[in-house]
Every structure is written in structure tokens, then in C-alpha cells.
Protein chains: 2
Amino acid sequence: MVDKTSGVPAFRQVAADLRGRIVSGEYAPGDRLPSERELVEHYHVSRPTIRDAVNLLRSEGVVVAEHGKGVFVRPPNTIHRLARSRLSRAARAENKGAFLADAAAKGFTPSSSVKVRFEAADERVAEYLRIEPGAEVTVRDRVMRANGLVVQLAVSRLPRELTRGTPSEEVDTGSGGVYARLEEAGHVIGHYAEHVGARMPTPEETSALQLGQGTPVITVTRVAYRDDGTPLEMNDMVLPADRYELSYEWAAE
Amino acid sequence: MVDKTSGVPAFRQVAADLRGRIVSGEYAPGDRLPSERELVEHYHVSRPTIRDAVNLLRSEGVVVAEHGKGVFVRPPNTIHRLARSRLSRAARAENKGAFLADAAAKGFTPSSSVKVRFEAADERVAEYLRIEPGAEVTVRDRVMRANGLVVQLAVSRLPRELTRGTPSEEVDTGSGGVYARLEEAGHVIGHYAEHVGARMPTPEETSALQLGQGTPVITVTRVAYRDDGTPLEMNDMVLPADRYELSYEWAAE
DNA sequence: GCGGGTAAGTGGTCAAGACGAGTTGTCGTC
DNA sequence: GACGACAACTCGTCTTGACCACTTACCCGC
């Protein structure tokens, strides 16, 4: 079953064979793969070699292992689509944050917890908000859950001057959220920018978002600007890549 | 150095210790870590355990291993920013595709190779292009390189009816690319949509993009629509997540 | 001085074996 | 019939030992 003369490592050959059986449908999503011992017999290689092969598939996000139960073909996840329309004033007027509106549409029970703190801007934050490094910023740390499961982390930062003495420094910002408070204070939002990337999660993110091995995270840094171009707020979001897709639309110029 | 009573697996403790030394700056980007044999002596665990720890860091994208040389702290990559303005007619008029314009700005030597083929639309393609599954589509398979290195894969699909007998079915589409040919044929592009996700690369993508272990890819599906809302083209792009960031901007509604 | 070969060091692969820990079904007891 | 203990499975961890492949630098011969 394994060609030792090909120069290709045995564990890669085993992984390739299993991957092929998965994409061909021989093992369907949710199916259990043969146990490691069965694979040892089938391919005539040692157990560590089988484990190397399975670990490769795990790091690719193709399968997930469950202790005591077996190794399963990763079932496809329901994808949440986040569109930029989630930020319209119309939505805010209905007292719905982006997350709550999504929950209502998708039919899950949302919850979230917020921590507020103040810190000095590091270089990256200072650049995005166009303030001096070291200047004080208000930080709103937010964990969003759907049906109790953590699905999104968000860290929002604003120059402290914009929030001093306003509900934006409280845990509960009131109807419409921070953006509504900003506009009440005369800071009308003119446009948004989002910068999207992806990377592997830190160990903290892995446990917080309960990510399976081989699942990257999508990072979104959104910056809200006033009419005159002054940055008002930046928001660093971390989303599990297997559960989210972002959509953007714009007219051709 | 490793606490066997804590319940935390040895290889995770080693990985956590090394990770800590990296984030603290003890090992700076580009530095070589101690060799596996040295780590064996230092932590008093077996070599496979050390390798498990290093592999964990590799899958996190924290370090990269080079055969015969050592394990190195991953140096930060230069990030290419892709903004949506890359699709303006003004840029097309200058006979620059998005990729060429980027190259000129960043100062690298671009090259790309294209393969054209025809195939039947599968379900996903049919849905995006709003055609019947099985209908013929023109497929333009493109590999983009910067200084000889592959940096981007793109698969463009158009309904065959739109391209029959036009340069869009040739390898060289002429000045301004496929979009220019579409507009000449009366299909004026009204708006674009992009759907952004991330996942771990397939083995083919890993070798084509020369990705290090622990590097996800960003997937972008761009759809170009005519004024009346008819989909004209879809473009599946795959970008190495450690080299790209996408930026979007829009006015507040 | 230059070139090539070689040795030492690096990570890559693989085996055989042992024990731990979580899960599930079964079978006996109450 | 219900419950609990146990057995038999699963994957998780770790060791010892071995050999291979790649890189680098040194050294010797020319």
C-alpha cells in the first residue's frame, strides 16, 4: 500500500491516500475513519507514521480527532456572511448592533460580554487613529456568543478625548452603540475602511473560540472616519475562518 | 524544566516556553533556535517530544524549519495591500491590470502565465453566474509571480456566450484585459462584489505558492455584474495570508 | 589560490513498545 | 427495569534507537 522506493515519505503517502478517499466521497463528512490500529494493519506502517499522516490532515483542517471516539471527516460549517450593510444608520436606528441583527436573521440566541479599560496607544494603534503614541485610548473588549458558543472577539479603541464623560466609557453604551454616541456628540461618521487578513490563531484564541486544529482566523481591522477624515474608532475583530465569510460590494467607477 | 505533575503534556510545556521566549524577544525574528538535540538536553525529554513541540509552533506559523540548517523564528513578511481601487477604469485605461499596477508601485518584476480552457459549470459556479448547471463556461487559469516567486493564483470564469469569438478566449486578451473586452462588447460593468474567506491550503497550493507550514490562504471570490445585475464574470483568487492584506472603503450610509 | 571531497551538524523519517485517558457498550447485580 | 462496574475500544503521550537527506565549513591536494 505504500511505495518505499518513490522517495515520498510514507506518512505523506498515507495522508494523500486518505485525503483522496475523503474528496472522492468514500469517507463522507462526519464519517469516522478507520482507527489508527486498523490503518497500521492496512498500510503496513507503524503507528507513529499513521499518526503523522493523520496529524497532517488535521493541520489541513480535513479531519478532526476526538479522544476516545475516533477521527472524523470535518463536517462543513454553516457560514455566516457578514456584509458591509451591517453598519447602516438604518440598522442602528432599530437599536440593533450588527451582531444582534445577524442573530435575529439567523435565529440564534446572542449574548456578549464587554470589558472597558484605558491604555496608552502603541505604535500600530497610534497610526490607525492618527494620534501620538502613548496617548490614552478607551478600549472596549468584547466577546460575542451565539447559543453560548464564542463566535467572535472584538477589541474597539477610541481616543479618550472622544469618550470622556460619555456612555462610551460604560459597559452599556445604550441604544445604537458607540457609533450612535459619537454621532450625538457631533462626530458624524463619513466613511469606513476595513483591512482584512488571516493567520493561525494564538493558543488563547484557540481556546476562546474553541477552534479545531487546522482552523485559521480572519482578522478585520475596521476604522471609522469622521466627514473630515479624522479617525474616530478602530475595531480589531477576530473571526473563526470556518464559520465566517465577508462580503463587500461597490459600484464600478 | 518540565513539570510532569501539572497534567500539561510535556511537548506543550516546551512549546509554551519557546513561544514565550520568542514573544519576549529572547529569540528575535530570523534567529535560529537551539538545535533539537540541544533542546533534548535542556528540557530532559526525548527528541520526538521536542519535535512535537516544534511542530506545534510550526503549525502556528511562529517558526519555520529548514532542513540541514535549523529552526528559525519566522521573520515578518512584507505585506501587499490590495485595495478595491485596483479595479477602476482609469487604471484599465493605462493598460494596467491590477497586478501590473501593483508591481509598478512596489518595485518588483511581475510575470504571469495563463491557461485557457472550457468546462461545464458546477453548482457553485452556476449559482454565482446565475446560469444553468452544466452550461459551458470559459475558464482562465492564471498564476502570478513577483520576481519569479508565485504570489497569487486566480481562476476566472465567464459564460461562454460572452466570450465566443472574442480575444477573451485567447491567452493574450489585449490591452486592459477581459474587463475591457467585455465593455467593448456592450457589457458595461455596473458593480462588483467580493466574498472573502480563509482556510488552510491544499497540498497543491502549498507547493505552488511555496507556503511555509502554518500559513493559511485568503480566498477571494469576485463577481462582476452588468448594470442590470447580470453576472458577467467570477474570479476565484487564492492569496498567501502572510503576504497579503485586503482593504475596503465605503461611505457611511 | 582554487577546487573538490569529506566530516560534522542540522532537521526528516520510521520502528517498536509502553502507558495514560476518554468513551461506549455490555453484563451482572440489585 | 435501572443502575453501576467493568471491559474493550478509541486517541494522546512519551521513550529509545536508528538511519537518511541536506547544509556548511574545513581541509587537503592540486
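In what follows, chains are A, B, ... by sequence order, proteins preceding strands, each numbered from 1.
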For the backbone of B:G214 and the side chain of A:R199, can you confirm whether one donor and one acceptor N or O come within less than 3.5 Å of each other? no

Nearest 0.5 Å, please: how far is CG in B:L39 from OG1 in B:T49? 12.0 Å

Neighbour count above 12 (heavy atom, 6.0 Å) for A:E41 CD: no

Check salt bridge (Lys or Arg N to Asp or Glu O under 4.0 Å) between A:E26 and all other residues, then give those that pass, not counting sequence neighbours. A:R21

CG (B:D236) and CZ (B:R142) are apart, to the nearest 0.5 Å, by 14.5 Å

To the nearest 0.5 angstrom, please state how far the CE atom of A:M237 sits from the CG atom of A:L246. 8.5 Å

Can you give the donor-acceptor pairs under 3.5 Å from side chains of residues 151-158 of chain A to other protein atoms, not counting sequence neighbours?
| from | atom 1 | to | atom 2 | distance (Å) |
| --- | --- | --- | --- | --- |
| A:S156 | OG | A:E233 | OE2 | 2.6 |
| A:R157 | NH1 | A:E119 | OE2 | 2.4 |

Do side-chain atoms of A:E36 reach the backbone of A:I50 as a donor and acceptor pair under 3.5 angstrom? no

At a heavy-atom distance below 4.0 Å, what parts of residues 29-40 of chain A sit against DNA chain D? A:S35, A:E36, A:R37

For atom CG of A:D52 and atom P of C:dT13, their distance in whole Å: 8 Å

From CZ of B:F11 over to C1' of C:dG20, roughly how many Å is that when rounded to an integer? 14 Å

Counting just side-chain N and O atoms, does A:T49 come under 4.0 Å of either OP1 or OP2 of C:dA15? yes

Tell me which residues in residues 54-68 of chain A put a heavy atom below 4.0 Å from DNA chain D, sorted by number, or none. A:R58, A:A65, A:E66, A:H67, A:G68

Length of the CD1-P vector between B:I50 and C:dT10, whole Å: 13 Å

For A:S59 and B:Q213, which I'm curious about, is there any donor-acceptor pair between the side chains at under 3.5 Å? no

With sequence neighbours left out, what residues match A:Y27 under ring pair (Phe, Tyr, Trp, His ring centres under 6.0 Å)? none

With sugar-phosphate meaning primed atoms plus P, OP1 and OP2, does A:P48 contact a base, only sugar-phosphate, or nothing at under 4.0 Å between heavy atoms? base

Going 5' to 3' along DNA chain D, between which two nucleotides do contacts with chain B fall, using a heavy-atom cut-off of 4.0 Å? D:dT13 to D:dT24

Protein-nucleotide distance (B:R47, atom CZ; C:dC14, atom C1'), rounded to Å: 11 Å

Distance, rounded to the nearest Å, where A:D3 contributes CG and C:dC14 contributes P: 12 Å

Taking atom CD of A:E245 and atom CZ of A:R81, what is their separation to the nearest 0.5 Å? 4.5 Å

